[in-house]
Structures are given as structure tokens and as C-alpha cells.
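Down below is the structure, laid out as C-alpha cells.
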Amino acid sequence: MAYIEVIDTYKRYKIGENIVVANNGINFSIEKGEFVVILGPSGAGKSTVLNILGGMDSCDEGKIIIDKTDISRFSNKQLTKYRRHDVGFVFQFYNLVQNLTAKENVELATQISKNSLDVDETLELVGLSNRKDNFPSQLSGGEQQRVSIARAIAKNPKLLLCDEPTGALDYKTGKQVLKTLQDTCRNTGTTVILITHNSAIAPMADRIIKINDAKVRSIEVNKNPLPIE
Ligand code: ADP
Ligand code: ADP
């Protein structure tokens, strides 16, 4: 059995009289430590998959096996624990606490998790040791995103889930952030799953899962992922 198995998951949203099928029988598996890109156009169902993997939403049908445990059967209490200890999240718009410094933002995350990493070491991993006492407003977009990556990995999560992490960044800064994510994956062995509509990111991944119109359209395992310079 693979480290992550998504087995025939369905998710429907009811909007008034209408039903939107966001995930229409999704199947894929991921090995531990892989850097995975889920690629597809806006509205394809990517965020829905990511939210279900992260325990922020639940599927109507199907199974989500992570490290031999079916999280689709979790109670709300188990899901809260899972989100807190096992998953790190990186969002498009960073979601940092504005009146806390970079270091304090990372510390906040370590306080609620039980197997946290050292905060200073984590900031060093993302190349921000020299900016740790700065507030988010004093940092560039790319630096803020690297703080948010440090915050996510400081919990030492099994899984790092990234929702369009370079969506708000220019090409060069986006590339640095992707490099930080790729390095994090290689150096810590964390499984990283990134959703994007940007096909230029795909060659950097170990596995590329294409989603369109609520279904998986192709899965490609890339034996020679492009290292990001
Ligand atoms: P993507 O991330 O690929 O852009 P989403 O998973 O966000 O796609 O959305 C897939 C479909 O499900 C879209 O049609 C979207 O409008 C719909 N959808 C997503 N989340 C909700 C929600 N909470 N309520 C209603 N519809 C939703
Ligand atoms: P992304 O480009 O990151 O996929 P989306 O705009 O598709 O962003 O969705 C952002 C968030 O909004 C998702 O978490 C999704 O669940 C929610 N969402 C998307 N469409 C709808 C909708 N029609 N109604 C309510 N929530 C939605």
C-alpha cells in the first residue's frame, strides 16, 4: 500500500437547487517523501482534493488512507488533532499574523504541535535567519511565503499541502519559493503536495496528477524531476 491512497472519492456541493460535483470519483496514490504537483484549470476540483487531504473538509464517499489510517472515517475531534499535528498548510496569500515577527509566527505553530522542530533551525532551512525579527509588512512577498513554509514545516508534519503557493508572486520570486519547497521535501523527507493551474511547475515534481472537470485525467511519475536552481 502506498503512503497516501485516495480511493474513489466524491464531493458534491449544494448551492440552492443546484448540485456542483467538485470531485467525481478521484483515485491516486503517493509515495512517502514525494514532491507532487496536482495540475488543472480553475474550477477543476483541486482545492477540494487538497481540503479533503488536509482534513478541512470531508468527502461524501470514498477513502483517504494516509500512513495506513483512513482519515475519511475520522471524527471532528480526530480531524482537529490530525490538522494540528500531521499537516502543514501553505496558502497563496501567506496568512501570517501581521503583528508578530517572522520568528513569532513560526513559534505560534510550534506551540500547538507536539513534535515540533527548532524554530531557529527551521528559519535557517528556508534561508530567513537574517530576517527573523522582521514583521510581515517589512518582508517581500517571497520572504513572507518562506516564513509561511517555515511555519508549516516547524510542526514536523507528515504532509505539507500547498495551495497555489506561487500564485501571488512574480516568476523569479516564485521560483525561489518553489526551490524552498523542493529543498524542504528533499532535506526533511516531508511529502509535499502542491496544487496549481501553472503547467510550468509540473517538470519539477516527482509525480504529476492532472485533474480536470472533477476527475483525474492522467498521472505521470517523473524519474528525473528538474532541480530548481
Ligand atoms: P479548483 O481548486 O481546481 O479551482 P475547487 O475544488 O475550488 O477547484 O472547485 C471545484 C468546483 O466546486 C467549482 O465549481 C467550485 O465552484 C465548487 N466549489 C468548491 N468549493 C465549494 C463550496 N464550498 N461550496 C460550493 N461550491 C464549491
Ligand atoms: P484556487 O484557485 O486556490 O483553487 P478557488 O477560488 O477555487 O481557489 O477556491 C478557494 C477556496 O474557496 C477553496 O477552499 C474552495 O473550497 C472555496 N470555494 C471555491 N468555490 C466556491 C464556491 N462556489 N462557493 C463557496 N466556496 C467556494
Side-chain angles (χ1 to χ4, degrees), residues 4-30 34-66 70-76 78-80 82-83 86-95 141 144-145 148-149 152 157 159-171 174 177-178 181-182 185 191-222:
I4 297 174
E5 301 250 5
V6 174
I7 304 167
D8 222 17
T9 55
Y10 288 79
K11 181 69 184 181
R12 305 169 192 91
Y13 294 106
K14 220 172 155 188
I15 310 173
E17 297 284 284
N18 297 319
I19 292 177
V20 176
V21 183
N23 285 175
N24 193 13
I26 297 275
N27 290 282
F28 60 81
S29 58
I30 289 173
E34 281 184 337
F35 185 54
V36 179
V37 164
I38 298 181
L39 180 68
S42 182
K46 307 182 298 294
S47 296
T48 302
V49 171
L50 205 74
N51 290 345
I52 292 171
L53 278 171
M56 294 184 286
D57 206 344
S58 56
C59 50
D60 303 328
E61 291 168 48
K63 287 184 186 165
I64 308 275
I65 316 285
I66 296 177
D70 185 359
I71 70 156
S72 68
R73 301 284 170 273
F74 273 5
S75 64
N76 282 335
Q78 285 173 302
L79 279 176
T80 304
Y82 169 72
R83 281 193 300 267
D86 295 333
V87 194
F89 298 97
V90 175
F91 304 98
Q92 183 170 1
F93 297 108
Y94 332 130
N95 294 10
Q144 290 186 61
Q145 191 61 299
S148 92
I149 294 169
L159 252 188
L160 181 57
L161 303 180
C162 314
D163 190 344
E164 295 278 3
T166 61
L169 302 170
D170 63 50
Y171 177 78
V177 165
L178 287 171
L181 286 170
Q182 202 185 47
C185 180
T191 307
V192 177
I193 304 175
L194 184 159
I195 63 171
T196 184
H197 64 270
N198 182 359
S199 55
I201 294 175
M204 298 153 192
D206 299 313
R207 186 181 297 265
I208 302 136
I209 299 169
K210 287 191 184 151
I211 295 189
N212 202 349
D213 207 6
K215 280 185 185 249
V216 173
R217 302 297 168 176
S218 69
I219 299 174
E220 189 190 325
V221 175
N222 184 5

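Position 1 is the first residue of the sequence; numbering continues from there. Order of listing sets the numbers, starting from 1, for every ligand and every atom in it.
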For ligand 1, is any non-hydrogen atom under 4.0 Å from Asn23's backbone (N, CA, C, O), its side chain (CB onward), both, or neither?
neither
If you measure every N or O of Gly45 against every N or O of ligand 1, does any of those distances drop under 3.5 Å?
yes
Excluding sequence neighbours, so at least two apart, what forms salt bridge (charged side-chain N to carboxylate O under 4.0 Å, His left out) with Arg12?
Asp60, Glu61
Answer yes or no for Gly40: is there a heavy-atom contact with ligand 1 below 4.0 Å?
no
Who pairs with Ala200 by side chain to side chain contact (heavy atoms under 4.5 Å, CB included), at least two apart in sequence or on another chain?
Asn198
Indicate whether the side chain of Asp57 and that of Tyr13 have a donor and an acceptor atom separated by less than 3.5 Å.
yes
Polar atom proximity, Val20 to ligand 1 (N or O, under 3.5 Å):
no
When Ile52 is tested against each of Ser47, Cys59, Ser58 for side-chain contact (heavy atoms from CB on, under 4.5 Å), which residue passes?
Cys59
Taking it one step at a time, do Tyr10 and Asn23 satisfy side-chain contact (heavy atoms from CB on, under 4.5 Å)?
CA-CA 5 Å; Tyr10 288 79; Asn23 285 175; 5.8 Å; no
Heavy-atom distances under 4.0 Å are what count here, so tell me which part of Thr48 touches ligand 1: side chain, backbone, both or neither.
both
With a cut-off of 4.0 Å, which atoms of ligand 1 are near a heavy atom of Ile15?
25 (C), 26 (N)
With heavy atoms and a 4.0 Å threshold, my read on which part of Pro41 contacts ligand 1 is backbone
A student checking ligand 1 against Ala44 at a 4.0 Å heavy-atom cut-off should list atoms 1 (P), 3 (O), 8 (O)
Between Thr166 (side chain only) and Leu169 (backbone N and O only), is there a donor and an acceptor less than 3.5 Å apart?
no
